[in-house]
Number of protein chains: 4
Amino acid sequence: MSQRPSHKPYRPRKAPAQSRSEATVASIVEAAAQVLESEGFEGFNTNAVARRAGVSIGSLYQYFPGKDALIVALIRRESARFYEDASVALTKRSGKAALEYLIGASVRQQLQRPMLARLLDIAEGRPALRGEVAKGEMDALVETIVGRAAPRHPNPEVAAADLLAIVKGMVDAAGERGERDLDDLERRVRAAVFGYLSRSGGA
Amino acid sequence: MSQRPSHKPYRPRKAPAQSRSEATVASIVEAAAQVLESEGFEGFNTNAVARRAGVSIGSLYQYFPGKDALIVALIRRESARFYEDASVALTKRSGKAALEYLIGASVRQQLQRPMLARLLDIAEGRPALRGEVAKGEMDALVETIVGRAAPRHPNPEVAAADLLAIVKGMVDAAGERGERDLDDLERRVRAAVFGYLSRSGGA
Amino acid sequence: MSQRPSHKPYRPRKAPAQSRSEATVASIVEAAAQVLESEGFEGFNTNAVARRAGVSIGSLYQYFPGKDALIVALIRRESARFYEDASVALTKRSGKAALEYLIGASVRQQLQRPMLARLLDIAEGRPALRGEVAKGEMDALVETIVGRAAPRHPNPEVAAADLLAIVKGMVDAAGERGERDLDDLERRVRAAVFGYLSRSGGA
Amino acid sequence: MSQRPSHKPYRPRKAPAQSRSEATVASIVEAAAQVLESEGFEGFNTNAVARRAGVSIGSLYQYFPGKDALIVALIRRESARFYEDASVALTKRSGKAALEYLIGASVRQQLQRPMLARLLDIAEGRPALRGEVAKGEMDALVETIVGRAAPRHPNPEVAAADLLAIVKGMVDAAGERGERDLDDLERRVRAAVFGYLSRSGGA
DNA sequence: GATGAATGAGCATTCATTCAT
DNA sequence: CATGAATGAATGCTCATTCAT
């Protein structure tokens, strides 16, 4: 008769057992991405996502316990993609090359679907979603690379956080302005990143 | 009657001619700031703002044509405050000193009310509000200062945009992490800014 | 963006300040009674109540924080009516007369709107509503009267509870069977009540 | 597809011919009992019952045409159990002993699983289920016993109904209050029952 | 038969906005 | 001008039921 409150989990409700549902889940997540891109947070609602995915609202809720779970799933999908690409940086010989690769990966990731990337960055900051999205891996990766690129930096953790902030800030703004020239943007980001490192205690 | 109007003016409905209305308008704007800070976009609604301001919802609509107008007014208020402080940079002798002052102003502004600043940065990016908020002045100011600090820079417009992005990116992230040490943060932002300039074509 | 859980209060949201709203509140409560009577718990929903009351769903929620609050308000209304009538029993000279009056009041109350009375009895038992409905007054009243009618009863509290149960049981069942003869029903309830008292330790 | 069917048969869809289905049906009915006990009507839904029974929702619908059929089956199960016990009363020598046995059976039945018994009493009253549950047998049994215990009672049918109401009323209320002392409760019920009979025309 | 993915009508609730007082 | 009662479109979410596999 009344609404059960309860603490909302953001994990998918069931692991899709059959391949039919795997496809459903993927299509819902992609639909969420598209709705977010085209309508923003304003127009991002579960009915719209279900419609765009071509499934019923009931199916959506079969796999996602609520609206926010869609965002979380989307963040995880994009993070995983980015992490996969970014990990290649670890195979680079020099720290500088690794950092350069990381910057390239960031730029590619962010300008691939700029609006989506920007909105997800915002969503990641929402208090309700904190902790749901594991940023640990990313941070560790960047820290490792910074450690290699600037071994004598006094505070690699802070440096890693700053670098991420610089890259995201520049690339988001570029995306917002509609920039498309990846190479030029990458050059400028490198200037900021290496400039920061050399002046804040790095090599 | 319905919830989705189509096109809205965001300017206050009437120029507050008498001081009583001026005070009312100001109290509504500050209430909007507080609600936004404490409840986020989630809990930001006109009734809550009116309640916090101690005015009736009817009065709120007397002065603001709609919800978004509150955000716009808030952005304008904060921008004006920032611009006023930042303008002092123009009185500095050297370009370097001017740029340093600008960075300091940014850090101060952002860490004064970090949550509010961050949320307004997000709101500024909303397509619906673009153009309502004049960023021209700010851009021009930064451009002027960059021009003085890095006179030989090949593309001062882009540099200005990048610098703003760097500063906002770093300072927002710092605010999000709860950093409070203004001086240390300022030092790191300078490293990024001057590092960027020196490596992207400046002095 | 997400649903705020929070502990639901069942008290009306605002004390109706103007007489306009007093009428609205009363019409909503009576509409709730009618919907409950004619549709049962199955068909008891906020939209139906608002429609029957001739108000918008928004108005309903302006005065009642949720569906259950309607039921609570209804229980309170009926309890108050009953209590007012039943209190007259205290003015009776003899304990016997007082108890007889109480029985009469119960029968009248229950057969006035039998379906409604029965459904509210059920609702009162719902764990979620326990404690929201103060039964203390009623219990105290019955205990007082039992104390006067059977002064030597070893356990007046239990006796009061049993009497209430006997009366409600018999009268509900009668209402369910469609009985309308108040006098005959009253006679039988008296038989049970006084029979119980005389055999369980009373006078 | 939709949620509100119009007219439904409440009998199990197939007579469970093989013992495997018999076991399945029984486990579903017991699961229904447990869900009802622990979640109340609020949380009583077909998916929960199927889950608790360890069968798929599809299988549940194989054996029961709908949600209400589960309740009906449950009522029938409990009624049969009670009837079986209560029938023993007919073997008693005296009418008084028979009636006492009947009361004992009622108390036992009701306090065995008090929440379940109470909820089923409520369900039995739902107009939609009336007639689906044969109360005739029970009534006849009680009538017979009343006829023997109070042979000169002017209206044995009404007396039987009243006695049932008294017993159910008292025992339900006791269960609701959490009473566990069967003997004391039985004593008080006897007081009410025999008191009623002696004062309403019986022996 | 059994399974569980899919469906969608239905319901609770919120909130921007209007307008009679 | 101020008030706050009233409105109702919009949205999150549930759950009985069906049916392809």
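Below, chain A is the first sequence line, B the second, and so on; all start at residue 1.
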Gap between atoms [atom1] and [atom2], on [X] and [N] respectively (whole Å):
{"X": "C:I28", "N": "E:dT13", "atom1": "CD1", "atom2": "C1'", "result": "14 Å"}
{"X": "D:D68", "N": "F:dA16", "atom1": "CG", "atom2": "P", "result": "10 Å"}
{"X": "B:N47", "N": "F:dT3", "atom1": "CG", "atom2": "C1'", "result": "13 Å"}
{"X": "B:F64", "N": "E:dT17", "atom1": "CZ", "atom2": "P", "result": "14 Å"}
{"X": "A:Y61", "N": "E:dA9", "atom1": "OH", "atom2": "P", "result": "17 Å"}
{"X": "A:E42", "N": "E:dA16", "atom1": "CD", "atom2": "P", "result": "11 Å"}
{"X": "B:E22", "N": "F:dC1", "atom1": "CD", "atom2": "C1'", "result": "17 Å"}
{"X": "A:R51", "N": "E:dG8", "atom1": "CZ", "atom2": "C1'", "result": "13 Å"}

Query raised in the report: If you pin A:G43 and B:V55 to their nearest nucleotides in DNA chain F, which one's is more 5'?
Result: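 Per heavy-atom nearest nucleotide, the more 5' residue is B:V55.
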
Query - Contact check, side chains of C:F41 and C:I122, non-hydrogen atoms, under 4.5 Å - result: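 In short, these two side chains touch, coming nearer than 4.5 Å.
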
Query raised in the report: Between D:L70 and D:L36, does a side chain to side chain contact (heavy atoms under 4.5 Å, CB included) hold up when you go through it step by step?
Result: CA-CA 11 Å; D:L70 291 170; D:L36 196 55; over 6 Å; no

Any idea which of [options] is nearest the [X] side chain?
{"X": "D:Y63", "options": "E:dT17, E:dA2, E:dT13", "answer": "E:dA2"}
{"X": "B:S56", "options": "F:dC15, F:dT3, E:dA6", "answer": "F:dT3"}
{"X": "D:Q62", "options": "E:dG1, E:dT17, E:dT13", "answer": "E:dG1"}
{"X": "A:I57", "options": "E:dT17, F:dT7, E:dG8", "answer": "E:dG8"}

Report task. Taking only the side-chain nitrogens and oxygens of D:S59, find out if one of them lies under 4.0 Å from OP1 or OP2 of E:dT3. Result ->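 Looking at the OP1 and OP2 atoms of E:dT3, one of them is under 4.0 Å from a side-chain N or O of D:S59.
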
Query - side-chain N/O A:T46 vs F:dG12 OP1/OP2, d < 4.0 Å - result: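 Answer yes for this pair, as a side-chain N or O of A:T46 is under 4.0 Å from OP1 or OP2.
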
**Report entry** Which residues share a side-chain hydrogen bond (donor to acceptor under 3.5 Å, both in side chains) with B:S38, sequence neighbours left out
**Finding:**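 B:S38: side-chain hydrogen bond (donor to acceptor under 3.5 Å, both in side chains) contacts with B:R52.
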
Report summary line: A correct dot-bracket answer for DNA chain F, with pairs being Watson-Crick or G-U at under 3.5 Å, [ ] for crossing pairs and | for inter-strand pairs, is .||||||||||||||||||||

**Report entry** Closest contact, heavy atoms only, B:I75 versus B:V133
**Finding:**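 Looks like CG2-CG1, 3.3 Å.
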
Requested in this report: Mind listing the closest non-hydrogen atom pair of A:A69 and A:F64 along with its distance?
Outcome: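 For A:A69 and A:F64, the tightest heavy-atom pair comes out as O-CD2, 4.0 Å.
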
Query - Given DNA chain E, 5'-ward residue of the pair B:N45 and A:G58, judged by closest heavy atom - result: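 Mapping each residue to its closest nucleotide by heavy atoms, the 5'-most match is A:G58.
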
Query raised in the report: Is a donor on one side and an acceptor on the other found under 3.5 Å between the side chain of A:S56 and the backbone of A:S59?
Result: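 Side chain of A:S56 to backbone of A:S59, a donor-acceptor pair under 3.5 Å: yes, one is there.
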
**Report entry** Check ion pair B:R126-A:E42 (N to O, under 4.0 angstrom)
**Finding:**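 Salt bridge: yes.
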
